[in-house]
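The structure appears below as structure tokens.
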Amino acid sequence: MTSAVPGVRRIEHVMGMPIIVDVRDEGVGGGGLDEAFAWLRSVDARFSTYKPDSEICRIDRGELPLEDAHADVRAVLARCEELRRETGGYFDLRAGPDGALDPSGLVKGWAVDGAAGILEAAGATSYAVNAGGDIRLRGGALPDERWRIGIQHPLERDRIAAVVESRDLAVATSGAYERGEHVFDPHTGRPPTGVLSVTITGPDLATADAYATAALAMGRRGAQWTATLDGYEGMTILTGGRVLFTQGFPAAG
Amino acid sequence: MKRALTAALGAATIALPAANAVAAVEHSAAAATAPGKTVAKKTVVKKTVSGSAVNADRWGTVQITVTVQKTTTVVKGVKKVTRKIVDIGGTYSYHTDRSQYIMSQALPQLRQEALQSLSANVSMVSGATYTSQAFIGSLQQAIAKANQV
């Protein structure tokens, strides 16, 4: 931030969190942002677990048969099931204590991936979208050549534990510290122990977010599990402050 | 390709940077700072700009204000402009007495968080609370405006 910041940026409160869209290209204008936020609001209307008339709530109450749901809803629920199997049941959309249908762990990242596609169609090549701390970025934070993303220190709110630097990446962090991060071990029904936070980076934000949730739910052995992921890297902060990185984690030097 | 598990894990402990109270963050539009010996003309303007008001989850809204000091020097017909953020402030609205309490407690903390982010030169923070994201987002907007003062 040593000289003027080009482009447009906007913050709106959608899906219960502030969502920041920061486009650094000149000439993309507000139209792309309007479209991206309209998409995010439409996802919220369809997938919200708080709005009684959303498709998710209607499916959960048995009022809407799955085969009659919107194609996006069916696709997201199918992907949740895939990820549940892939994570040995640690990413589970019914992991909460009440067992309600809650795909929001995937929906947030999936919605941001969709918003990124809209921005790219509008001509954006340098942008970042941040939904409550889960971030998808591309290009540079112009005039800087790359985006630099701080990873929240899990114990000291005004500290950053690490910095990730990239030109094309999704970054998701699940922490035991964050209000609203209701992560439970689906096998025990209790919150995991031994781990303060897990950050996953990779090409797809929805997947990175699900992996971060699953690794946190696994507790201490989650760090080993992140090292087995193809195309995704992990940073795990254990209670006591030890930090474990997978080999290719894009930490800034 | 599956990697060897133990080899793939590098370990470190979180480096806690030395406590550095950041009172102001320097933003310089010109690379060179030395104005030279013969300053023909120097003007200093202070201006306050705001980011948009952002909803910080259920607690209310935050709106960040930065005060930027713009110094223009003209040396032998060459104009140099430097901008320095001399203060970060903010206002908030709230829904209930409880959220008033939380916001009044949170704002000084959030200000410190935001200054830390600026000094680490990061644009965004992954994993921070929703309230922090609102604060940092509004601050970024204000800084972008400050750079155009």
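This structure is a prediction, so every number in the text was calculated from the model and none was measured. Here is the naming used below: chain letters follow the sequence lines, and residue numbers restart at 1 for every chain.
Annotation for Met124(B) and Ala128(A): closest pair CE-CB, 3.7 Å, computed over non-hydrogen atoms. When all heavy atoms are compared, the tightest approach of Ala141(A) to Ser123(B) is CB-OG, 3.7 Å. Between Gly127(B) and Gln152(A), the shortest heavy-atom distance links the atoms C-CB, 3.7 Å. For the residue pair Gln141(B) and Arg9(A), the shortest heavy atom distance occurs at NE2-O, 3.5 Å.
Environment of CD in Glu145(A): sparse, with no more than 12 heavy atoms of neighbouring residues, nucleotides or ligands closer than 6.0 Å.
The backbone N or O of Asp134(A) lies less than 3.5 Å from no partner atom in the side chain of Ser126(B), so there is not a single donor-acceptor pair.
In terms of non-hydrogen atom pairs under 4.5 Å with chain B, the most contact-rich of Val171(A), Ile151(A), Asn130(A), Val164(A) is Asn130(A).
In this structure, the side chains of Val122(B) and Ile160(A) come closer than 4.5 Å at one or more pairs of heavy atoms.
For a residue to count as touching a neighbouring chain, one of its non-hydrogen atoms must lie under 4.5 Å from one of that chain's; by this rule Ile135(A) touches chain B with the side chain only. Looking at Ala172(A), only its backbone comes within 4.5 Å of chain B, counting heavy atoms on both sides.
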